[in-house]
Structure formats: structure tokens, C-alpha cells
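First comes the structure, then the notes that go with it.
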There are 2 protein chains.
Amino acid sequence: MFTLSVGDVAAASGVASSAVRFYEQHGVITAVRTAGDQRRFDEGAACRIRVAKVAQRVGLTVREIAEIFAGLPDDPQPADWGQVADTLIAEAESRTAALKSYLNDMQSAGRLCEIDL
Amino acid sequence: MFTLSVGDVAAASGVASSAVRFYEQHGVITAVRTAGDQRRFDEGAACRIRVAKVAQRVGLTVREIAEIFAGLPDDPQPADWGQVADTLIAEAESRTAALKSYLNDMQSAGRLCEIDL
DNA sequence: GCTTGACTTAAACATATGTTGAACGCTCAG
DNA sequence: CTGAGCGTTCAACATATGTTTAAGTCAAGC
């Protein structure tokens, strides 16, 4: 059911209306249009935006997030969301692992940044 | 010893010369100047840039990275770098934990994004 | 000491992620 | 049915993260 206006989703997700339009333009959320050309979102939109904001904090771009969400079917089931969650977490952990690995290598090489042998 | 030119650091760190200047402007690395006003970096500069690139991937901004590096003394010892590494990893893990927590709450609430009760 | 390749700055350009403003249209409560 | 409060688009602005270009300077080997 697509019943929520831009302002409704903005209020529900804690971002500005302009950001809601931005996320729609970039495929993070989708909308239908009223006869008068206004956007109408379903309940999932605010949730997707909140997920997107947290995902951005771990280094994912809006494009990457939209691509991950693009895997969701029209009427996602809990299992579908579980898969999205797993993908997001795997990506975050992979990046953190790369950071740890790099820092660890750096230190175990006994060749730290500023140590000029 | 500040002996490396912009090009040297660019080659050693795998970024463009313009990026090396950018990172210096933003405090990720520091330089001294020759009599002819050219930048000279120490060996640590390339390493800092490589760390910065990996840290950017986990969502840290250049400003945040520069602030973390700002805690380093003039001649950092391994322990100083260990502290920087710990700070970076803690930040990455904190953000990943926030992501996991949000996704987990979402699912355990039985109220997934698209499930419109 | 000259030449050539690398360096300098400044500004413009490019992309990502939004916000703001102007000018105008839709909707819904009274 | 009307008007106040939303919504619409488009363009300009703002910040972050760089790259490119132009015009000019430096440095290092021959």
C-alpha cells in the first residue's frame, strides 16, 4: 500500500524531504505517483532509508546500497531481508578485516610508518 | 629525514600526485619545504596515505583520519602507531556493530522493512 | 650552465551527497 | 469549494574528495 508522502517518509526516517527525493532518484527507495504527480511510498521506505544511513557509516555508497536493495523482490519476505542484512554485514566486516589486516601487517613487519631504518 | 618529493610519495603510496597534495592540505601528512618551495616528505607519508585509503573504505572521512593521526608525536614510536591502529579499528568495529545492531533489532522486532501489518 | 622533467599555485572541472530557493500545482479539513 | 500547507521540478549552492589544466619555477644530470 503506497500511502505515505515525501514528508511522511522524511518524518519517519529522520531525514529531510530533499533527502527522501534524493534516495528515490538513486534507487534506494521507490514510489508510485498520484494522479496529481505526487510521490507515494509504502511503509518500507522509511526503514530502507534508516538502513541506508547506517550502511553509509560503514563506507557503503548510495549506489552500492541501492544495488543491494535491488536484489529484493517486490514483496520481500523476512528471508529476503535477512539476505540483505547478511550482505551488508559481510561487506562491513570485509572492509574492517582489510583495515585490521593492513595495520597488522604493518606492525608485524616491524616496519611501522614512521620508523625510518 | 624529509627527502621524498610529491612524486616519490605518490609512487610509494599508489595515489596520484594531486592526491598527495590534497592529503597534505588536509593534515593527513605533513611536509617541509625546500629553498625552492618544493614539498619534502619523510618515509612515513606514503604509509599514512595507505592507511588513510583503507580507513576511508570503512567510512572514515579525511578529516577524521587527520584528527586521529594528529595524536601522533613528531617521532612516533611503535606504541604510538599501535594506539592509532586501535583507534581506527575501534571506530570501524563500532560502526559495524551499529549496523548489525540496527539490522538485528529490525528483524527481532518481527517488523521488517516491507512487512506492512 | 642548460635542458628537461618534475615541481609550484590557482582555478576549473568532476562525482557524491545532499540543501535551498523560486515558481508553480495538488489535497484535504473546514 | 477554498485556502493553507504540502507537493512538484529545476537550478543553484554547499561540502567532500579528488583530477586537470595553465602558466610559471626548480633541480639534477650532462
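Side chains are part of it too, since the values below use all heavy atoms of this structure and drop only hydrogens, waters and symmetry mates. Here the structure is a predicted model, which is why all the values come from computation and not from measurement. Residue numbers start from 1 in every chain, and the chains themselves are labelled A, B, ... in the order their sequence lines are given, proteins ahead of strands.
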Under 3.5 Å, which N/O atoms of the protein pair with N/O atoms of nucleotides 22-28 of chain C?
residue, atom, partner, partner atom, Å
C:dT27, OP1, A:T34, OG1, 3.1
C:dT27, OP1, A:G36, N, 3.2

Please state whether the phosphate of C:dT9, meaning OP1 or OP2, lies under 4.0 angstrom from any side-chain nitrogen or oxygen of B:R33. yes
What is the distance, rounded to the nearest whole Å, between atom CD of A:E64 and atom P of C:dA16? 11 Å
Rounded off to whole Å, could you give me the CD-to-C1' distance for the A:Q56 and C:dT15 pair? 15 Å
To the nearest angstrom, the CG-P distance between A:D8 and D:dG7 comes to 7 Å
Expressed in angstrom and rounded to an integer, what is the separation of A:R63 atom CZ from C:dA14 atom C1'? 14 Å
Apply side-chain contact (heavy atoms from CB on, under 4.5 Å) to A:S101 and list each qualifying residue two or more places apart in sequence or on a separate chain. A:D105
To the nearest Å, give me how far apart CG (B:L60) and C1' (D:dA16) are. 14 Å
Minimum heavy-atom distance A:A46-A:S13, with the two atoms named: O-CB, 3.7 Å
Which of these, A:T30, A:D8, A:V32, A:V20, sits in a side-chain contact (heavy atoms from CB on, under 4.5 Å) with A:F41? A:V20
Please list, in numerical order, the residues of residues 17-26 of chain B that have a heavy atom closer than 4.0 Å to any atom of DNA chain C. B:R21
Send over the distance from B:I49 CD1 to D:dT17 P, rounded to a whole Å. 14 Å
Flag yes if more than 12 heavy atoms outside A:Q83 fall under 6.0 Å of its CD atom; otherwise flag no. no
Taking side-chain contact (heavy atoms from CB on, under 4.5 Å) as the criterion, tell me which of A:L72, A:I65, A:V51 meets it with A:V84. A:L72
Please determine whether a side-chain nitrogen or oxygen atom of B:K53 lies at a distance below 4.0 Å from atom OP1 or OP2 of D:dG18. yes
Can you tell me if the side-chain N/O atoms of A:R39 get under 4.0 Å from OP1 or OP2 in D:dT8? yes
Using side-chain heavy atoms (C-beta onward) and a distance below 4.5 Å, is B:R39 in contact with B:S5? no
Which heavy atom of A:V58 sits nearest a heavy atom of A:R95, and at what distance? O-CD, 4.0 Å
